Amino acid sequence: MALRERLLAAAPSRREWELIGALGAALVLLAILVVAGTLTRFDQFALDHLMPWLRPSAVSHNSSAGYWRPFPLGISTGAKLVDTLTYPCSLLISAIVVGAAALVFWRNGRHLTALGLGTAWAVGNAIEWAGKHTLTRSALYGTTDGVRIHVGSYDDSFPSGHMIRGIIVSYAAVLLLEGRWSWAIAVWAALVGPALVLQSAHTPTDVFGGALIGLILLVFMRAAARSELAPQRQRKL
């Protein structure tokens, strides 16, 4: 099959383009609402009631520790378990998983599948970087000893890169396992969002934004992978 024909076969279908458009519109609307402060009370509720381990003076999203270990030292066992759950979504581990999957598919002749995974990971991280460097939300506050403290790390935490990478890693695993254990992978992916809020890494709107971006990229990855699969296997992936 000629390269042009292969690329056309890997393009999303009309319904998939419609889905991408709907998800993209939802993402733009969410970003506008976040920047405008319309959803600040929603996020503030999460800080007040859904983040048991939030320590405003200690919260930082700029530490390099999360790249090479699943959790900070000295935190509670519960916090360590939650952090471990989301560790596959970290930049380093997700790069290893997606890179390994792409290498396997490339060597097996499934070049578009490999390129789809690698491109989705790169684009997802680029969108995360752009969002966090251009979008700023209203101040959110934590409480320490009865004192309200501005948690500055949430000012520019939209969207969640961990959520984006979680969806990409999940699909890479589904492809590698050829649809086996899809239910377990889906359960893990569904738990990533709540875990990110619980561990004080992201607000709910950060997670929703990341999920929308991840789902858009998932449509493209699935279209690329489907073009190289036998018809009887396409439904599984």
Side-chain angles (χ1 to χ4, degrees), residues 19-20 23-24 26-27 30-31 34 43 46 50-51 53 61 63 65-72 78-102 105 113-114 116-132 153-154 157-177 179-225 237:
L19 176 58
I20 290 169
L23 292 170
L27 175 63
L30 177 61
V34 168
D43 283 334
L50 304 179
M51 299 182 181
W53 300 299
H61 296 297
S63 172
Y67 293 118
W68 51 270
R69 71 183 185 213
F71 45 74
K80 289 178 180 177
L81 291 174
V82 174
D83 282 4
T84 301
L85 175 70
T86 63
Y87 190 47
C89 309
S90 67
L91 195 65
L92 174 61
I93 302 303
S94 66
I96 292 173
V97 173
V98 173
F105 293 126
T113 301
L117 290 173
T119 302
W121 186 87
V123 170
N125 284 301
I127 295 174
E128 176 202 6
W129 185 91
K132 290 180 177 179
S153 55
Y154 293 132
S157 62
F158 181 93
S160 168
H162 275 67
M163 192 70 251
I164 296 171
R165 291 186 291 270
I167 292 175
I168 297 171
V169 167
S170 297
Y171 191 60
V174 169
L175 289 175
L176 280 174
L177 296 174
R180 297 186 297 272
W181 294 97
S182 294
W183 64 271
I185 297 171
V187 169
W188 172 77
L191 291 174
V192 166
L196 289 170
V197 175
L198 189 64
Q199 69 183 168
S200 310
H202 280 287
T203 68
T205 53
D206 292 343
V207 171
F208 290 142
L212 289 170
I213 295 168
L215 290 173
I216 291 171
L217 295 173
L218 175 61
V219 177
F220 285 106
M221 289 187 294
R222 187 173 184 274
L237 306 176

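A quick note: this is a predicted structure, and the numbers were derived from the prediction, not measured.
Side-chain contact between Leu91 and Trp121 is present, with at least one heavy-atom pair separated by less than 4.5 Å. With contacts defined as side-chain heavy-atom distances shorter than 4.5 Å, the pair Ile213/Leu27 qualifies. Looking at Leu217 and Ile168, their side chains come closer than 4.5 Å, going by heavy atoms from C-beta outward. Counting only heavy atoms from C-beta outward, the side chains of His162 and Ser90 approach each other to under 4.5 Å. A 4.5 Å side-chain heavy-atom check between Val197 and Thr203 finds every atom pair outside the cut-off. Contact annotation: the side chain of Tyr171 never approaches that of Ile185 to less than 4.5 Å [non-hydrogen atoms, C-beta and beyond]. In this structure the side chain of Ser200 reaches within 4.5 angstrom of the side chain of Tyr154, judged on heavy atoms. Under the 4.5 Å side-chain criterion, counting only non-hydrogen atoms from C-beta, Asp43 is in contact with Pro204.
Separation of atoms CZ (Arg222) and CG (Leu215) is listed at 12.5 Å; rounding is to 0.5 Å. Distance check, rounded to the nearest 0.5 Å: OG1 of Thr86 to CE of Met163 gives 10.5 Å. Note that CZ of Phe105 is 4.5 Å distant from CG of Leu175, once rounded to the nearest 0.5 Å. Atom-to-atom distance recorded for Met51:CE and Leu198:CG is 9.0 Å, nearest 0.5 angstrom. Rounding to the nearest 0.5 Å places CE of Met221 at 11.0 Å from OG1 of Thr113.
In terms of heavy atoms, Ile93 sits closest to Pro88 at CG2-CA, 3.7 Å. Among all heavy-atom pairs drawn from Ser160 and His202, the shortest one is OG-CD2, 3.3 Å. Ala190 approaches Pro194 most closely through the heavy-atom pair O-CD, 3.2 Å. For the pair Ala195 and Leu85, the tightest heavy-atom approach, listed with the atom from each and the gap, is CB-CD2, 3.6 Å. A pairwise comparison of heavy atoms in Ser157 and Lys132 identifies O-CE, 3.6 Å as the closest pair. Shown here for Glu128 and Gly161, the closest heavy-atom pair between the two residues is CD-CA, 3.4 Å.
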Q. Can you check side-chain contact (heavy atoms from CB on, under 4.5 Å) on Ile216 and Phe220, steps first, answer last?
A. CA-CA 7 Å; Ile216 291 171; Phe220 285 106; 4.0 Å; yes
Q: Please assess Val169 against Cys89 for the test side-chain contact (heavy atoms from CB on, under 4.5 Å), listing each intermediate value before the final yes or no.
A: CA-CA 7 Å; Val169 167; Cys89 309; over 6 Å; no
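Partner of Leu218 under the side chain to side chain contact (heavy atoms under 4.5 Å, CB included) criterion, chosen from Ile167, Ile20, Leu23: Ile167.
Checked by atom type, the side-chain pair Ser170/Trp188 shows no donor-acceptor distance below 3.5 Å.
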